[in-house]
Amino acid sequence: MTNSLKIYNTLTRQKETFVPIQEGRVGLYVCGPTVYNDVHMGNCRTFLSFDVIYRYLIHLGYKVRYVRNITDAGHLTDDGDEGEDKISKKARIDQLEPMEIVHKYTMGFRDVMKQFNVLTPNIEPTATGHIVEQIEMTKQILQNGYAYEANGTIYCDVDKLNQLYDYGQLSGRKLDDLYTNTRELDGQSDKRGAFDFALWKKANPEHLQQWQSPWGMGFPGWHLECSAMSRKYLGERFDIHGGGMDLVPIHHTNEIAQSMACCKTTPANYWMHTNMLTVNGTKMSKSLNNAFLPHELFAGSHPLLEQAYSPMTVRFFFLQAHYSSTIDFSNEALQAAEKGYKRLMNAHKSLLQLTHSGNQTAGNNTEDKAVLQLLDECYERMNDDFNTPQTIAVLFELSSKINAYHNKQANLNDLSKDTFDRLITVFTSFITNVLGLLDETTTADNGITEGLMQLVLQMRTDARNRKDWLTSDIIRDRLNDLKITVKDGKDGTTWGVD
RNA sequence: GGUGGGAUGGCCGAGUGGCUAGGCUCAGCUCUGCAAAAGCUGCUACAGCGGUUCGAAUCCGCUUUCCACCUCCA
């Protein structure tokens with residue numbers, strides 16, 4: 001089962017069978033957030049996508065080391081040499097220490113990830129915690145002759161590297177074409193080639209974040225941290241490197257350049273890229289002012305939002321599209337997702353309430369086989385490049401069957417005990433472990449709510465037995481006012497929270 | 001201008017050269033004291049124009065159109 005996993009590799013532009021470097025183990029690196037501001041929903045989508053990828057790899061039995069960095073230094077705001085550090089710019093504006101900014105937004109990011117039920121990576125390294133490694137890597141690249149110094153800044157020599165390998169392979173472009181078709185940029189005076197990029201930048205005295213280096217006071221370049229940290233924790237060559245699609249042409253292209261220049265190897269075998277979240281067809285981004293913050297979504301407090309949407313509704317909404325497709329945010333789509341999510345979770349709840357007679361012989365072989373087939377399909381769909389929308393479609397088909405068993409519209413004893421047990425195991429683990437969906441209606445109140453509900457529903461049942469429809473309907477209507485749905489079934493009455 | 005990716009039924013969103021996506025909405029039926037929930041059924045699409053093929057929404061070409069990247073961005 002595990003060896004049939006296929007992954008779309010940006011590097012080769014095709015789906016490939018996943019073969020880990022070390023059998024049974026996976027090294028996974030994902031580019032994390034720059035903590036100079038709140039993460040918006042577009043950022044979250046990427047981390048949610050890779051969360052499911054991480055979860056499924058674990059589910060398949062792999063021992064995974066998942067590294068996702070926190071960028072707390074570097075990353076210039078401008079493209080020119082006079083650019084300013086994002087972290088220090090924000091610090092100056094807010095009259096705060098850089099470390100204060102970084103701490104605040106790191107905490108905020110972790111809080112949001114927790115709300116979305118995103119698993120914590122095994123390591124969350126920070127750029128400022130790995131200055132030594134970045135200096136070391138810069139030294140090696142200089143020694144290998146693929147970098148040069150100009151006024152205290154170290155640039156990577158892309159032209160020379162391009163003789164070693166195809167620099168533009170990841171983005172599917174030739175360096176020559178890039179030269180002829182790229183707009184002229186200003187302020188590149190120190191660079192020998194237009195696509196050379198800084199490994200280490202000289203810092204001006206007023207620069208808030210700077211460190212001692214062999215080339216004077218400075219700070220690491222835009223892309224070096226990921227190369228240095230992935231190398232440190234996963235090795236010079238590891239299995240999967242991921243991130244948002246917008247990182248392909250510059251950031252990831254230059255990460256490959258750095259690894260080639262330093263270690264003569266491309267860092268990762270499989271490159272996975274998640275697509276963008278759009279709003280009204282346009283990419284969500286901070287600069288366009290169309291970015292929702294997670295808490296605005298949960299509270300419904302953004303002008304474009306008609307209502308609040310829960311974290312699990314949003315998680316489910318994202319998973320209904322493939323990670324490699326754009327997905328458009330709209331109230332209609334989210335409301336549909338909210339209902340679908342509840343339907344799925346209710347089916348799961350119903351499944352856990354079913355009891356099987358224990359008969360090992362299937363009462364209906366066709367039905368038994370159909371269920372087993374659907375359970376296998378869950379794996380087939382996920383093995384096909386983590387196709388969550390198709391997996392969810394299969395889970396909905398199983399939901400219809402579960403609901404029918406639950407409401408005595410179909411006979412549970414059509415299934416053998418083994419099939420029933422497998423249904424519970426697979427359905428539950430896909431909902432809970434693989435897709436990471438939590439039941440938001442569950443409350444930890446020591447069963448008080450459930451006890452009270454049983455009391456109320458018993459009173460209503462008594463009224464119904466007396467044909468006292470007035471009383472029974474008042475109870476039902478009042479519960480509806482509290483957003484509690486009463487469901488009269490053949491085996492009695494159950495309830496659920498809207 | 002260059003490069004890449006799209007255009008699917010009322011909405012969202014998968015997918016494959018011939019076989020049901022799925023969810024939401026809507027209509028009908030069953031169940032029900034009535035409803036709700038649930039099950040079943042129906043509405044049935046692949047931007048346009050050519051071409052390849054026994055057969056194409058799926059492959060090729062052209063057209064229209066949208067988006068992303070080429071500047072930090074998940």
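Throughout, a chain's letter reflects where its sequence line sits, starting with A, and its residues are numbered from 1.
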Touch check for [X], heavy atoms < 4.0 angstrom, all strands: base, sugar-phosphate only, or nothing?
X        : result
A:Leu395 : nothing
A:Asp328 : sugar-phosphate
A:Gly42  : base
A:Asn403 : sugar-phosphate
A:His322 : sugar-phosphate

Among B:G39, B:A74, B:C34, which nucleotide sits nearest the side chain of A:Lys283?
B:A74

Of the options B:C73, B:C12, B:G4, whose atoms approach the side-chain atoms of A:Leu247 most closely?
B:C73

Flag the pair A:Phe47 / A:Phe109 as yes when their ring centroid distance falls below 6.0 Å, and as no otherwise.
yes

Near RNA chain B, which residues from residues 461-474 of chain A have a heavy atom under 4.0 Å away?
A:Arg464, A:Trp469, A:Ser472, A:Asp473

Please produce a list of atom pairs where a protein N or O lies less than 3.5 Å from an N or O of nucleotides 19-26 of chain B.
{"unit_1": "B:U25", "atom_1": "OP1", "unit_2": "A:Lys339", "atom_2": "NZ", "d": "3.0"}

Between B:G48 and B:U65, how far is it from one C1' atom to the other, in whole Å?
11 Å

Could one point to a donor on the side chain of A:Arg476 or the base of B:A36 with an acceptor on the other under 3.5 Å away?
no

